[in-house]
There are 2 protein chains.
Amino acid sequence: MTDNTLTIREMCDTYDVTPRTLRFYESKELLFPIREGQKRLFTKRDRARLKLILRGKRFGFSLEQIRQLLDLYDAGDQQQVQLERTYELARERLADMELQRDELNQAIDDLTEQLKWGERIITPSKQNKKAAE
Amino acid sequence: MTDNTLTIREMCDTYDVTPRTLRFYESKELLFPIREGQKRLFTKRDRARLKLILRGKRFGFSLEQIRQLLDLYDAGDQQQVQLERTYELARERLADMELQRDELNQAIDDLTEQLKWGERIITPSKQNKKAAE
DNA sequence: CATCCGCTTGACGTTTACGTAAGCTGAACG
DNA sequence: CGTTCAGCTTACGTAAACGTCAAGCGGATG
């Protein structure tokens, strides 16, 4: 029981995912729970990987990209070249995200302006402004 | 011919989208090209809307969300009630966007940290860090 | 023993945003 | 006139990331 592995349900509760999701990730070779008979037991490694998966998703990586990153990460003592490649990818992604954030801020400002504009139309009781075009 | 409308192909070339995409957007009521016989003619309004659509997509909005925003942008001579409803939607969208921006910022910070971390592993020429755990 | 519980493996369903192919039409070209 | 070209409609296909059954299994419980 205290052997440091978690059942699928415990995983779900801990990380707020569904069983289906965990099985799906296993089928995609993102996780490798061991089997005790039929049942899956998720090790510490699986938990670490799941955390990375979930974070990766927040970053906007696809599961396939995440798998590749995990593989590289896993091969910790591999070629520097590959590691560098990994960080290169990550930096590209980061640049993307920053760009996206800036555009998003712009859009937020735009929309905020629109809303101010709209309130001037709405609040005066029943003013019609048909002549617009 | 210089009547200020574009054919579907001209639209595609100008905005780098496929005909399928434009027809799709029309079917989703994002664009309203006029018909000359069978053919679609895209007006200035359609072009403005398309620009907004493409921008919205870069922000990560769904087409449905974009449609709602577009409705807001040109809700001209509508009823107050509907207008208020529209602005309500817009404010919800805005809240969504701000949330999204915050999450994005969080992710950016996280990833930035990760990258710092990674550089310490990469840059020292061939240092193995197997003893980490 | 019957039943329930948690878990398992298929396998089909869902959504979004189009791609792609089939078959038709009207205008234009040689 | 035949063909090409651009465009049209209809409709099935696709990828990602799971959701949602259906059916079955081993263990615990009353």
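Letters A, B, ... mirror the listed sequences (proteins, then strands); counts begin at 1.
We find that CG of B:L6 is positioned 12 Å from P of D:dG7, with the value rounded to whole Å. B:R9 has its CZ atom 20 Å from the P atom of C:dA27, to the nearest Å. If you measure from atom CD of A:E36 to atom C1' of C:dT8, you get 14 Å, rounded to the nearest angstrom.
One distance of note links CG of A:D46 with OH of A:Y15; it measures 9.5 Å at 0.5 Å rounding.
More than 12 heavy atoms of other residues, nucleotides or ligands sit less than 6.0 Å from atom CG of A:D109.
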Under 4.0 Å protein heavy-atom contact, by nucleotide of nucleotides 8-20 of chain D - B base, S sugar-phosphate only:
SB-B-----BBBB
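A continuous path of Ile, Leu, Val, Met, Phe, Trp and Tyr side chains, each step under 4.5 Å between heavy atoms, connects B:F42 with B:L63, placing both in one hydrophobic cluster.
Taking the charged nitrogens against the carboxylate oxygens, A:R35 and A:E26 do have a contact shorter than 4.0 Å, which makes a salt bridge. Residues B:K39 and B:E36 are not paired through a salt bridge, judged by the lack of any N-O separation under 4.0 Å between the basic side chain and the carboxylate.
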